[in-house]
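Residue numbers begin at 1 in each chain, while the letters A, B, ... track the order of the sequences.
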Amino acid sequence: MTARERFGDHALLRYRWPGQVPEPGQFVMARTSTQSLDPFLPRPLFVHDYEDREMSLFFEIRGRGTLLLAEEGARLLVSGPLGRGFQTDDGELVALLGGGVWVAPLKLLGRSLDREGIVCDTFLEIPATAPEAYAAWISESYPDATLVPTKETSDPSRAVLNRLGDLERYASLFASGPVEMLSAVMRASAGRVSAQIALRERMACANGSCYGCAIPVWGSGERIYARACVEGPVFPAEVLAW
Amino acid sequence: MTARERFGDHALLRYRWPGQVPEPGQFVMARTSTQSLDPFLPRPLFVHDYEDREMSLFFEIRGRGTLLLAEEGARLLVSGPLGRGFQTDDGELVALLGGGVWVAPLKLLGRSLDREGIVCDTFLEIPATAPEAYAAWISESYPDATLVPTKETSDPSRAVLNRLGDLERYASLFASGPVEMLSAVMRASAGRVSAQIALRERMACANGSCYGCAIPVWGSGERIYARACVEGPVFPAEVLAW
Amino acid sequence: MVARPEKIAGDSTDLAVDLCGIPLATPLMPAAGTLAKEALDRAKGVYGAMLPKTVTPRPRAGNPPPRVAEAPSGMVNSIGLQNVGLECFLEDLNLWDVGLPLFVSIAADAVTEFAAMCERLAGYGRVAAVELNLSCPNVEHGGLQFCAEPETVAEVVAACKETLPEKPLFAKLTNEGVVANAVAAEEAGADGLTLINTIPALVVDARERKVFLRGGLSGPAIKPVTLRAVYEVSRVVEGPIIGVGGISSGEDVAEFMIAGATAVQVGAGSFVREPREMLDEFAAYLRENELRARELSGFI
Amino acid sequence: MVARPEKIAGDSTDLAVDLCGIPLATPLMPAAGTLAKEALDRAKGVYGAMLPKTVTPRPRAGNPPPRVAEAPSGMVNSIGLQNVGLECFLEDLNLWDVGLPLFVSIAADAVTEFAAMCERLAGYGRVAAVELNLSCPNVEHGGLQFCAEPETVAEVVAACKETLPEKPLFAKLTNEGVVANAVAAEEAGADGLTLINTIPALVVDARERKVFLRGGLSGPAIKPVTLRAVYEVSRVVEGPIIGVGGISSGEDVAEFMIAGATAVQVGAGSFVREPREMLDEFAAYLRENELRARELSGFI
Ligand SMILES: Cc1cc2nc3c(=O)[nH]c(=O)nc-3n(C[C@H](O)[C@H](O)[C@H](O)COP(=O)(O)OP(=O)(O)OC[C@H]3O[C@@H](n4cnc5c(N)ncnc54)[C@H](O)[C@@H]3O)c2cc1C
Ligand SMILES: Cc1cc2nc3c(=O)[nH]c(=O)nc-3n(C[C@H](O)[C@H](O)[C@H](O)COP(=O)(O)OP(=O)(O)OC[C@H]3O[C@@H](n4cnc5c(N)ncnc54)[C@H](O)[C@@H]3O)c2cc1C
Ligand SMILES: Cc1cc2nc3c(=O)[nH]c(=O)nc-3n(C[C@H](O)[C@H](O)[C@H](O)COP(=O)(O)O)c2cc1C
Ligand SMILES: Cc1cc2nc3c(=O)[nH]c(=O)nc-3n(C[C@H](O)[C@H](O)[C@H](O)COP(=O)(O)O)c2cc1C
Ligand code: FES
Ligand code: FES
């Protein structure tokens, strides 16, 4: 563990990661103890950033699991990286759309797009209610991003999209934010621009075994359930059957 | 927490204790977390020593609970002191008999007898199998004690008693050791000298509510169950119905 | 878990609930067998009713140790209903006088004994209600528990209602067959139900390679099972339900009331956390959600 | 929990057990529905048999999310038997070929369908044994579970035994009524029993004041309940018992075998710890106690 920062009810953990290099959009399973059987399950968290064998996680303190993870002096046990992340193959202008704590995976995504020489515009929603420390941290860690305060619009879910303007300018959209924002992006992108969407669903095994993390998708015309932990957490917008 | 020492599979914890002053033979309930529901129950541990608002516990690492308590950096949550300890009213020569990790409460007992000006002989059994570090620690923390290595005799449970010689020399015996030793002391003292015996039984509530820590005793001629956490853990030998 | 509020419970929040016409200042009470005289101070200002350990017609010595063992997020116990017997209990009844409605939990070997105990209790105005512990063996039926079949449940309840018509009667059931038993109890005249008693369990000592303890599981481990029982039963009965099993926080109290309980009992949880903290957390939950306790129960 | 040994499991310890004539290299196998193709590598060198998720006659989409929730020392799930259906399953049967005896878990809406599935499986030499998941709703009996009554348990088992006499048949039961159901299953021709399936449970979302999930509880929380079921049933049946419910360590494996199990299945525990570690711990336990796995089962 190299650093543990707190911004109000958000936390950032940095640690050495000699293991497999993560793709943007992949996640890890994190817990604080193996001695205790409670909390029982590790917590899924997106890889926020990775460079020089250092990995970081950015999360909101929601309940006991994240509370323990954010606790000063707590051990950190991480497995991963897991799942299917963002696919960044086509080399043109792309847009990153984020909101709330879900901006987490976009840091590493921006970094690897950079490396691939893909230009990207980043738009991050900042909820009107966001604490000072949090807003400050966002603008600092996403210096090139356009921040979109959601009081700006009557419909927060569309705030970022409105700001984005003409979608066709972009080769693809990469979105990670509140569910409302994600479904807005899904609808807006349909038939106009390819979009990839980072989803979350409660997880248990994180290896495809339990079928707990069901995401409704279109499979050969039918509405079926895919598993966020192996077929996701990032899905092409067009397959989602929301 | 002021100090945490390890001797092989034994541990000594020292911490500031602004709370109630403990009697010798009383115990505390100790745990490492309130966030986690597992391990569920706090662990009962005798007060090993207390002076200048500093309390200490001496215990053997048996399972998860004691393992967590001995862990470097672990939090320590203590409630107590609890129960009925040794009654040290009569001011003459007394004997302290201990064995194994159960010597724990005898440190504070020796200290308070000293304070009351009661002279005491201390005999502590050291199992042949005891690790070096442990034996060293015992002789250091009980400097005036006579150490009785149990290989010395064929019947370890009587080793300390044999060494003690004539029981009538003593106003009372105070014993805390392996169950075999305690029952030997019980039998030997019967009708000859008053003896007080520190017992252990699995506990849950530690406040008399659950009736879990049952100790068979004689109550008006009948064999009934007393509760180690409130009527004990120290019992007069003559009431025990073993 | 909800954070501990600055304010102490009650002063700003309406925690009161009504249980068969008995007003409770808070929906919390001790689970039978988990609060002894020695710990009564924990009840004051926290619990809405008092409930001593189950009493039997004659004194019982209880089971030999070990009587308790730890389990993942819970514990297993086999106390064996150690108690002084009904007569001694009634002599010392005032010991339980802490200004709270007094619920008395009873158990017996036979239907007639249950009825006789109720008849004896009828004379005591200080007794607000009676809880029938139906998880004890029915000697007349080869030691099968009274709650093993709806028929025996109905038999006991009807007999007790007849000898004690004037006091609310709560039938305490186990999880096995709980829905059928609950319906039977209500039809036989039970005014309310207490759900649930411990779940049959076993603890094995791997070191000694033997059974360490055969008893009942309780504590947070069983909370999801108890919530299910409360929820399913609340859908088929009219009377109030006292939820018990795994409560260790104020949020747990809220969950039980949302699932259909009117009041709750705290057992093993009170061995590891202060009931006062649970009540404070529950009060904080009500304030955050701008609700009164009685509005919460049966929310779904 | 037992410390992790230096030696890796197996090399010095005799872990082999026999299950109805099927030799298992270790007594561990996956619990139905908790090991998917994607995680097969965890099985190699650890499990003594393979057991895929329950298959049904036709494909099933499963339940809408949420499907899982955490519970104290456990989890609640309601997957809804999502699976590709028997025919697709049989087409891809070789996917499960990892050099281990293959157990197939089946479920159906009706007795006749159970029997038809067994008939279909009879043709597959690669299938070593069949596990009947009797915790699914019996459509012909108003959705009541097949294991709700001993009569239906016997009916299904007898029908399956008739269409699949040559392969060992395991009846998987829930905790409710387990002893009576186990006896019925054995008398109807079951070669062995798998005890137990998840325990009906409910998770409430206090923030939203709604039912979050209605499903089955599993994980360490239910271990004492499962051990009790294995213990009680082992006293009244002849055939071998596969113990499942709450296993998360090698010591747990030992406890189940001591209580009467011949083999064990690991479900939720495999989501939080490596089965390999559990096997190493179990091997260490056997070495410390100078025992072979087969000597341990039914020690008491
Ligand atoms: C693939 C994936 C990646 C994630 N990445 C991040 C991240 O980078 N940063 C971050 O802050 N959070 C992330 N989450 C959500 C995070 O896992 C949950 O917030 C966390 O598990 C809550 O645990 P807890 O013990 O604190 O809260 P709990 O006590 O478990 O629950 C508290 C509240 O958290 C919510 N919650 C619980 N589990 C989940 C879940 N799996 N998904 C969504 N909400 C949940 C529930 O609404 C619940 O009311 C991710 C989830 C997934 C599935
Ligand atoms: C009043 C009292 C005072 C005690 N004082 C001390 C002390 O000063 N030093 C010390 O080393 N131990 C003491 N003990 C015993 C100590 O409480 C147990 O060793 C401890 O609870 C084991 O917890 P664990 O989680 O490490 O082991 P667990 O995993 O709970 O069990 C491991 C083994 O410990 C044994 N054990 C568990 N609980 C108890 C118990 N309550 N009593 C006896 N054995 C138990 C069992 O044999 C079990 O096999 C005392 C017990 C009591 C009741
Ligand atoms: C130590 C102990 C003793 C108990 N004694 C009784 C009893 O005398 N009568 C009874 O009806 N239930 C008894 N119970 C069961 C509890 O009242 C309660 O139904 C059960 O423990 C579930 O609640 P919990 O999870 O909060 O402990 C006892 C439980 C425990 C842990
Ligand atoms: C996610 C999940 C899916 C399950 N699916 C099945 C299933 O398809 N068929 C079945 O018989 N049991 C199923 N079970 C029950 C397990 O096989 C097992 O009986 C139960 O979980 C208890 O074991 P555990 O505590 O080790 O998880 C499932 C359990 C879980 C947790
Ligand atoms: S979390 Fe188990 S399949 Fe995704
Ligand atoms: S531990 Fe509960 S009565 Fe002693």
Practice task
List the steps and the verdict of side chain to side chain contact (heavy atoms under 4.5 Å, CB included) for A:Val148 and A:Ile126.
Solution key: CA-CA 6 Å; A:Val148 185; A:Ile126 297 280; over 6 Å; no
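- In this structure, A:Ile197 and A:Leu240 have side chains that are in contact, with non-hydrogen atoms separated by less than 4.5 Å.
- Side-chain atoms of A:Phe27 and A:Val47, non-hydrogen and from C-beta on, never get closer than 4.5 Å to each other.
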Can you list every donor-acceptor pair under 3.5 Å that links chain B to chain A?
| unit_1 | atom_1 | unit_2 | atom_2 | d |
| --- | --- | --- | --- | --- |
| B:Gln35 | O | A:Arg64 | NH1 | 2.7 |
| B:Ser36 | OG | A:Ser36 | OG | 2.8 |
| B:Ser36 | OG | A:Asp38 | O | 2.6 |
| B:Leu37 | N | A:Asp38 | OD2 | 2.8 |
| B:Asp38 | O | A:Ser36 | OG | 2.6 |
| B:Asp38 | OD2 | A:Leu37 | N | 2.8 |
| B:Arg64 | NH1 | A:Gln35 | O | 2.7 |
| B:Glu71 | OE2 | A:Arg75 | NH2 | 3.4 |
| B:Arg75 | NH2 | A:Glu71 | OE2 | 3.4 |

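- Residues A:Val160 and A:Leu124 form no side-chain contact, since every pair of their non-hydrogen atoms from C-beta on lies 4.5 Å or further apart.
- With sequence neighbours left out, A:Phe46 forms a ring-ring contact (aromatic ring centres under 6.0 Å, His included) with no residue at all.
- At least one side-chain heavy atom of A:Leu76 sits under 4.5 Å from a side-chain heavy atom of A:Leu69.
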